[in-house]
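Below is one structure, written out as structure tokens; the observations come after it.
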Amino acid sequence: MYYGPLREVEAVIKQHGWTEEAMALMPKVDSFLAETLRLDGIITASVQRKVMKDLTLSDGPFIPKGTHLFVPTYVFHHDSAVYEDPDVSDPFHSSQLCDNGKRHVGRVRSTNLQVP
């Protein structure tokens with residue numbers, strides 16, 4: 001089922017080798033890997049930040065300087081408000097967005113992963 005769409009690898013690697021440029025030219029591979037990580041990723045709190053100064057949120061909670069915050073990405077990746085049928089695999093979701101004129105963000109090939 002996935003062999004045909006993933007054939008883009010052969011042509012791109014033949015021309016560009018395994019480079020950052022080549023990875024940018026393979027949105028179906030990127031989409032396939034991103035969906036695999038979304039559904040079954042090993043990282044459940046991948047967005048981590050340290051509060052650098054005291055912070056009071058607009059709805060009242062106070063977060064003191066030095067606090068470490070973790071975002072539970074699993075929750076977002078399995079939220080029906082973010083993904084239609086969040087527990088169903090759609091390996092080419094982000095490449096289909098690209099095919100429909102929306103910008104492909106290259107989530108897997110980048111160290112700056114995009115969290116929906």
Side-chain angles (χ1 to χ4, degrees):
M1 176 175 170
Y2 303 121
Y3 298 125
L6 294 177
R7 293 274 185 231
E8 71 183 3
V9 174
E10 294 175 30
V12 171
I13 298 305
K14 188 177 202 177
Q15 183 175 359
H16 300 280
W18 286 101
T19 62
E20 181 78 10
E21 179 186 9
M23 294 304 291
L25 297 171
M26 295 187 288
K28 287 183 174 61
V29 170
D30 185 79
S31 181
F32 185 89
L33 294 172
E35 182 69 355
T36 300
L37 291 172
R38 180 189 75 81
L39 279 178
D40 211 17
I42 60 171
I43 301 172
T44 58
S46 64
V47 178
Q48 306 171 22
R49 297 291 184 263
K50 180 179 178 181
V51 178
M52 301 307 290
K53 62 181 182 176
D54 288 347
L55 174 67
T56 301
L57 301 178
S58 62
D59 59 345
F62 174 75
I63 304 171
K65 176 182 177 179
T67 300
H68 291 269
L69 300 176
F70 298 87
V71 176
T73 56
Y74 180 90
V75 174
F76 294 110
H77 290 161
H78 293 270
D79 184 347
S80 61
V82 178
Y83 291 93
E84 185 177 323
D85 296 322
D87 295 319
V88 175
S89 177
D90 182 5
F92 301 117
H93 173 76
S94 65
S95 67
Q96 291 164 357
L97 294 176
C98 183
D99 292 344
N100 291 329
K102 295 185 179 178
R103 184 175 171 263
H104 178 71
V105 294
R107 298 181 299 182
V108 174
R109 66 180 179 83
S110 173
T111 59
N112 296 315
L113 296 178
Q114 300 292 321
V115 178

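Keep in mind that what you see is a predicted model, and the values were worked out from it rather than measured.
Nearest heavy-atom pair across Ser31 and Pro91 is OG-O, 2.9 Å. Across every non-hydrogen atom of Leu25 and His16, the tightest pair is CD1-NE2, 3.3 Å. Closest of all the heavy-atom pairs between Asp87 and His78 is OD1-ND1, 2.7 Å. The two residues Gly17 and Ala22 make their nearest non-hydrogen contact at O-CB, 3.0 Å. Shown here for Pro86 and Leu39, the closest heavy-atom pair between the two residues is O-CD2, 3.5 Å. Here the closest non-hydrogen pair linking Phe76 and Val82 is O-CB, 3.8 Å.
Atoms CZ and CG, from Phe32 and Leu37 in turn, are 10.5 Å apart once rounded to the nearest 0.5 Å. With values rounded to the nearest 0.5 angstrom, Met52 atom CE is found 7.0 Å from Lys65 atom NZ. Expressed to the nearest 0.5 Å, how far CE of Met26 lies from CD of Glu21 amounts to 10.5 Å. To the nearest 0.5 Å, atoms NZ (Lys28) and CG (Asp30) are separated by 12.0 Å.
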Should Thr73 and Arg38 be marked as a side-chain contact (heavy atoms from CB on, under 4.5 Å) after you check the CA-CA gap, both sets of side-chain angles, and the distance that decides it?
CA-CA 9 Å; Thr73 56; Arg38 180 189 75 81; over 6 Å; no
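Val51 and Phe62 sit in two unconnected hydrophobic clusters of ILVMFWY residues. Membership requires side-chain heavy atoms under 4.5 Å apart, directly or through other members.
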